[in-house]
Structure formats: C-alpha cells, structure tokens
Amino acid sequence: MSFRERATVALGSPKTLATDDGARRLAGKRDQAVAEYPAMDAMRDRAREIRMHTLARLDEYLGPLADQVEARGGTVFFASDAAEANEYIRRLAADRGVETIVKSKSMVTEEIELNEALELDGRRVVETDLGEFIIQLAHDKPSHIIAPVLHKTRFEIGELFAAEIDAAYTDDPFELNAIARRYLREIFLSADMGVSGVNFAAADSGTMVTVTNEGNARLCTTAPRIHVAVMGMERVVPTVEDMQVMLEVLARSATGQRLSVYTNFVTGSRRPDDADGPEEFHLVILDNGRSRVLGSRSAEILGCIRCGACLNICPVYRHTGGHAYGGTYSGPIGAVLAPVLQKDDGFSDLPYASSLCGACRDVCPIRLDIPSMLLGLRQEFTEAGETDYGWLGPGLSAYARVATTPFLWRAFLAAGGVFGRTVGRDGYITKLPFHAGNWTTTRDLPAPATQSFHAWWKEHRGT
Amino acid sequence: MSGVCQLFVTCLVDGFSPGVGVATVRLLERAGYEVAFPFDQTCCGQPAFNAGYADQATAMAEHTVEVLDATYGPIIVPSGSCGDMLTHHTPSLLAGRPLEDAALRVAARTVELTRFLDDNGIDVSGARSDGTVAFHRSCHGLRGLGLDGVGEDLLDRSGVSRCELEGADECCGFGGLFSIEMPEVSSAMLETKLKAIEASGAEVVVGGDVSCLMHIEGGLHRRGSSVRAAHIAEILAGEEA
C-alpha cells in the first residue's frame, strides 16, 4: 500500500481526529515554552552546530564513546543491521537465563522490532512507558515519536485495560495511570533485563541520557541485573556539556516542558561502592542504513533528535495520523527517514506526502530543512525512474518547452483562454479529464482568463 | 519616490488572474513608479521544481533568469511562492551552472509585492473591499520570505474591515502538484481551511498568492459558499472584482 492509500483510509477517522487534537495541544505547548525562553534561538543554533559537527566526524566520536563505556565496565556491540542487533540481545538473554525483560520507550527498538525477536524465544517483554504499554496491550503500533498513543482516546484505553488486564473500567486519566503503575511495579521487581533507548551519549565519558516523564526508564536501567541500551549510531555528542544544550531544546520542542520530569544519566554498570544498579551493562550501537544515509544528500536528517515537533505542526500529519506513513517514523521526519532508512515498497510516495509548507523547518530545534530534503528525494526518485509520479514527466517537459519559448507561451495563454471560454461555466471548470481530474473531484477550477496579462499589457501599454 | 520597477507577474496571474497584475501595475504607478514588464517572461519553473523534475525546472529557471537579468531595478512579484523561488531556490538550482551569478543578481533584486509596498511606505488608502476580509498567510511568503504580518498590516492601514482567521498560517493544501498527487489529503486540508474561513465571518478571503487563492476559491465555489477570494493587490488597488 502507498501513503496515499493509507492516508485516504485514515482521513476523518476517529483515530485521526484524536491525533489532530493531541498534535495541536502539543504544538501549542511547544510554542508557549519557546516564547518563554529568550535563549531558544541561540540554543537551537548551538544544538545544530553540535549535531552537524558530530555527524561530520562520527568515526572520531564513536570510538572514544565505546572506549569510555568499556573502561567503566560496559560491553559495546556495533550492529550493522537490525538482525545483528536483535541476535546479540537474544543471545545475551539466553546466556544469562533471562525470563522477563522490561523496556523503556525506544523508537530504535521499534525500528529493529526487538520485541518480536525476543518473544520468538519465549521471553516475556513488557513495555513500561504508559503509551508503549497501551500499544503493546492493543497489539498496535506507535503513531507518534514521543506520544505513541496519540491516536487513542482515554475511553478506548479504559476499555483496553478492562479487557486485557482485568481492571475495573475507568476513563479517568489519573486512575488509568495508577492501574498501569500498579501492574508494572511487580514486573519491574521481577525483571532480569532492562532495555532502554538512548537520547544522547557523550563520547567524553560514556554517559548516556534518557528522558522520560514517568520515571520508568530509571527503573528499567537500575532494577534488573542486566541493562541493555540500544542507540542509533548518530546519537553521540562530544561531551556531557553538549548534552545540556540538547536537553534545553529537546523537552521544550517535544512537550513544552523546560526539562522532562526524569532526566536519567547512566554511566556504565554498578560500581563496587554503588548502592544499586545493574551487574552488567551493554550498549548496542546500531547502523541499520545510517552509514548509507550519511553519504547521501539526506545526511542532515541524522541530526534529528526525535522531539516530534515537526509531526505536531504538520498539516499532513494532523489530517492523516502517524499510521498512514506506514513505518516506525511518521510525519515530516518519517517522510524523509523511512524511505532512506527502511527501504520498502510502501514508502516510495512518502517524499510526496508534503505540501512543502515549511512549518516543520520552522519548529525543528536543529533547524533541519526537511522540505529541501523531501525535494532532494523527489529529485533522486525522478532521476532513478523510481517515482510514483512518472506520469508528470512528459507533461512537465512539454510545459518547459513552451515556457522557454516566449511566442509559444503567449500562444499557450491564448489557447487557455479559448479553453476556459469553451469548457468553463460561469467562470469555473467543474470536471477535468485524466490526472487533472484529481483536482475537480472536490474543487472547481477557476477558468483561465480570456485575456492573459500578456495580452492586457500589449493592449494597454504596448510591448 | 519613483524609479523603474520590473513586474514578474507569475504564470498563474498571467493565465488565470490577470486582474492581479493590472492591480499591481496601478498600485505601483499611482505611487510614482514606472512599471516595466519584461515581455518574454513565462513561468519561474516552480511547479517542476517542487515535483522533483530538476531538468525541466532548470530550463525554466534559466529562461527566467536570462529575461530578468537583462533588466534593472527591483523585480516585483505579486506572489510569496514565486518570490521565494526566485530568491532562494532558483540560485540553488542554478548553482555551478553558467547562470549562477545572474541568478544571484536576480535574487537580490527580487521583492515580493507586499514587502515592497510596506518597505516603501506606499499609500494604500485607495483600498476597497465589498465586505469584511480575512487574511490567509500563504506558506512560502510566510516561512520562505518571512512576511510575518505584512499583509495584515497593509490591510489594516488601508482602512478595510478585517477579521481574524483561525489557523491563518496553516497550509490550505494546495502545494502545487501536491494537489493532484495527493488529492485526498490536499482536499482534507482545504476543507479545514474553508471551515475556518466560513467561521471567521469574513465575506472575502484575501491572500498574497494566486495559487493558494485558486485552491481556496475553487473549494468555496464547489461548496456554494458566498465567500469570495481576492488577491491583496486587488483589494489595495481598489479593484476587487
């Protein structure tokens, strides 16, 4: 299925209306937080500098990061693809006799489908982020980078909890939260392995930061005897000080908070004088197509810090919801990332899933020029003959021929006038043939003018 | 204040809404400018550029740059979108090609109409509107050229009655060939825009881009709405149809 087909199904559905509500709410919070923080623009510039600097020297930072983690007793595994990452974690779980695994929210483990891989071996994997927990119970997929259940209402969640975990029905958000909290607490205490994502990893110290609003990442990374962190290889920053810059822009852009409720720094496994912490720490650094992106025209997209601000502001995302994008990453960022990272037939029209309105570029904390990257992908697809819109080619070539030959252009305008007079009714065309008919299914087309501006000028001003 | 201005009228004004070009000429002439119209101008190439057809876009961009670079004075464009193309995308499209420098010269001379009117304090007291207006902030003018509030200021200064439009800075769903490539999503975005326009109480929706206005107007007409669409040049020149 294409984006267009998935989106058409999603338009106006309850799921999409819930997404629209939630996205607008988050966008509003972001705007307010930015307005209250005079240094935001300067911080965004600095954050962009750090990301672009690091991306240009990934090899110079990933090595030291691995060295630092290992110097602090951790084990580092570089996975070239999803299969390698999953295999490493599966084998680790088998070797250590792991039965239950708790997870904190991580898009990269969605990307590699880690849960499915671990469940194949009969292990119990439990998502502990409230949103991801709901997604797991519902056998659903996240529809938003930071708010995975943006498409669900509290009523649906109440019904889901009643059906799946024997809770008394309630649609009160606080009670729903309390139900999940009670349910998960027991599992946290019995889990053998905790899996987390990584928001940023500092090369100078091997420190990793994870931000949450629920504290579940802190439990996942400290309570079980083994902690496995999975990160995309682009998530490294040079120093812990650089992390501070990233955190200043991340929470504000994501949820409008100055700082997430829990900002969890982890450096290695438990040391002899530590009161608690895991016995073992493993860091899986994932490539999975990122090296290829790094060498492409879309390299800048790896600067993304997964705040979700571009989703919240995007009129296409608001009208279609995240599932229409068909992959792990949705919205404007997904429209670039999915085709370059997760090569798949269902993504070939994603770069066209944008009116290029530029709202995403305006809110991006890293100032990523997403519209330009979408344009770049459209050009690449066209050049490679892989575009879904190849039928535009002959028409645009003919149009270009006319538009580069002034006398043909003027003849074209005159012909348009005749067409408008003949086909138009009261100045409008209500039905057009072929692909142009895509316009007139829902809109009339104002008819071409009988006298073009060229003709007017010639009549009133001479040439 | 006077001098020569070059008018780059844009392909859609040329073929669909010549009245916008006429209104632009009147506004500028009334302010004492001599308006020239480089007669060999056609389309800046934006439709092909946005659709990912770089070769076709380059051919049109080169033609446009050749025609405009042979003139002098500010190049006035009654469109945020084409203004953004000439200012930003044409130079990047022609980078490394023979017309790169010419494209940069043209970019430096290009001024979107409302920006020009505002920067030069041009008298807009001759404005007229047959009803309350609401202003739609077209995306490329707003975000590409930073026309944040320029259109609204001009309308307010002109004395026409204006009401606020909820979500004025949200895309109407036109997006060039996006409207044909993704018609369902484009139409849903338009629907949201039309509802906001109708809820605003405006009798005329005004914008700085004929492209978005054609989309909005086509949607309003299909719904049988009594709200009309007009380009800001037509309102300010007192020539709203």
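All values below were derived from every heavy atom in this structure, side-chain atoms included, with hydrogens, water molecules and symmetry-related copies excluded. On a predicted model such as this, the values are computed, not experimentally measured, just so you know. All chains are named by letter (A, B, ...) in the order of the sequence lines, taking the proteins before the strands, and each is independently numbered beginning at 1.
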Between chain A and each of [options], count heavy-atom pairs under 4.5 Å; write down the option with the most.
options                                  : result
Val35(B), Leu177(B), Asn50(B), Val25(B)  : Asn50(B)
Gln56(B), His63(B), Glu184(B), Arg143(B) : Arg143(B)
Gly218(B), Cys139(B), Gly175(B)          : Gly218(B)
Gly219(B), Ala36(B), Ala188(B)           : Ala188(B)
Met214(B), Arg223(B), His215(B)          : His215(B)

Just so I know, are the side chains of Phe178(B) and Leu356(A) near enough to count as touching, which here means a heavy-atom distance under 4.5 Å?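 They are not in contact (no side-chain heavy atoms under 4.5 Å apart), so the answer is no.
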For the residue pair Thr320(A) and Val185(B), establish whether any side-chain heavy-atom pair is separated by less than 4.5 Å.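 A side-chain contact exists here, since the closest heavy-atom pair is under 4.5 Å.
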For the pair Glu181(B) and Arg4(A), find out whether any cationic side-chain nitrogen is under 4.0 Å from an anionic carboxylate oxygen.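 Looking at Glu181(B) and Arg4(A), the cut-off is not met.
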Between the side chains of Asp40(B) and Arg410(A), is the shortest nitrogen-to-carboxylate-oxygen separation below 4.0 Å, so that they form an ion pair?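 Judged by the 4.0 Å cut-off on N to carboxylate O distance, Arg410(A) and Asp40(B) do form a salt bridge.
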Report yes or no: does Asn438(A) contribute a side-chain atom to a donor-acceptor pair with the main-chain N or O of Met182(B) at less than 3.5 Å?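 No; judged by distance alone, with no hydrogens or angles, the pair does not exist.
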Which answer fits Tyr428(A), side chain, backbone, both or neither, if we ask what part of it has an atom under 4.5 Å from a heavy atom of chain B?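 Side chain only.
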Should we count CZ of Arg401(A) as having more than 12 external heavy atoms under 6.0 Å?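 No, because the 6.0 Å sphere around CZ of Arg401(A) holds 12 heavy atoms or fewer from other groups.
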Counting only heavy atoms not in Gln451(A), do more than 12 fall under 6.0 Å of its CD?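 Atom CD in Gln451(A) is crowded, with more than 12 foreign heavy atoms closer than 6.0 Å.
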Report the option among [options] that has the most heavy-atom pairs separated by less than 4.5 Å from atoms of chain B.
options                                    : result
Phe3(A), Trp391(A), Tyr352(A)              : Tyr352(A)
Thr450(A), Ile313(A), Ile429(A), Thr440(A) : Thr440(A)
Gly12(A), Ser354(A), Ala7(A)               : Ser354(A)
Pro351(A), Gly393(A), Gly417(A), Gly420(A) : Gly393(A)
Thr442(A), Thr441(A), Asp426(A)            : Thr442(A)
Arg24(A), Glu380(A), Glu383(A)             : Arg24(A)

Side chain from CB out, backbone as N, CA, C, O: work out which of these in [X] comes under 4.5 Å of a heavy atom of chain A, or both, or neither.
X         : result
Cys11(B)  : both
Glu62(B)  : neither
Leu142(B) : neither
Val9(B)   : side chain
Leu220(B) : neither

Gap between atom [atom2] of [Y] and atom [atom1] of [X] - 0.5 Å precision:
X         : Y         : atom1 : atom2 : answer
Met189(B) : Cys357(A) : CE    : SG    : 6.5 Å
Tyr399(A) : Cys43(B)  : OH    : SG    : 3.0 Å
Phe49(B)  : Arg378(A) : CZ    : CZ    : 10.0 Å

Start with the C-alpha gap between Tyr53(B) and Gln379(A), add the side-chain angles, then the distance that decides, and say whether side-chain hydrogen bond (donor to acceptor under 3.5 Å, both in side chains) holds. CA-CA 6 Å; Tyr53(B) 283 83; Gln379(A) 284 180 20; over 6 Å; no
Take Gln41(B) and His454(A) through the test side-chain contact (heavy atoms from CB on, under 4.5 Å) and record every step on the way to the result. CA-CA 9 Å; Gln41(B) 66 179 268; His454(A) 264 91; 4.2 Å; yes
Given Phe16(B) and Ser452(A), is the side-chain contact (heavy atoms from CB on, under 4.5 Å) satisfied, shown in steps? CA-CA 7 Å; Phe16(B) 286 88; Ser452(A) 70; over 6 Å; no
Side chains of Ser186(B) and Arg443(A): donor-acceptor distance under 3.5 Å anywhere?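 Arg443(A) and Ser186(B) do have a side-chain donor-acceptor pair below 3.5 Å.
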Chi angles and distances behind the side-chain contact (heavy atoms from CB on, under 4.5 Å) call for Trp439(A), Ser179(B): CA-CA 7 Å; Trp439(A) 177 286; Ser179(B) 58; 3.6 Å; yes
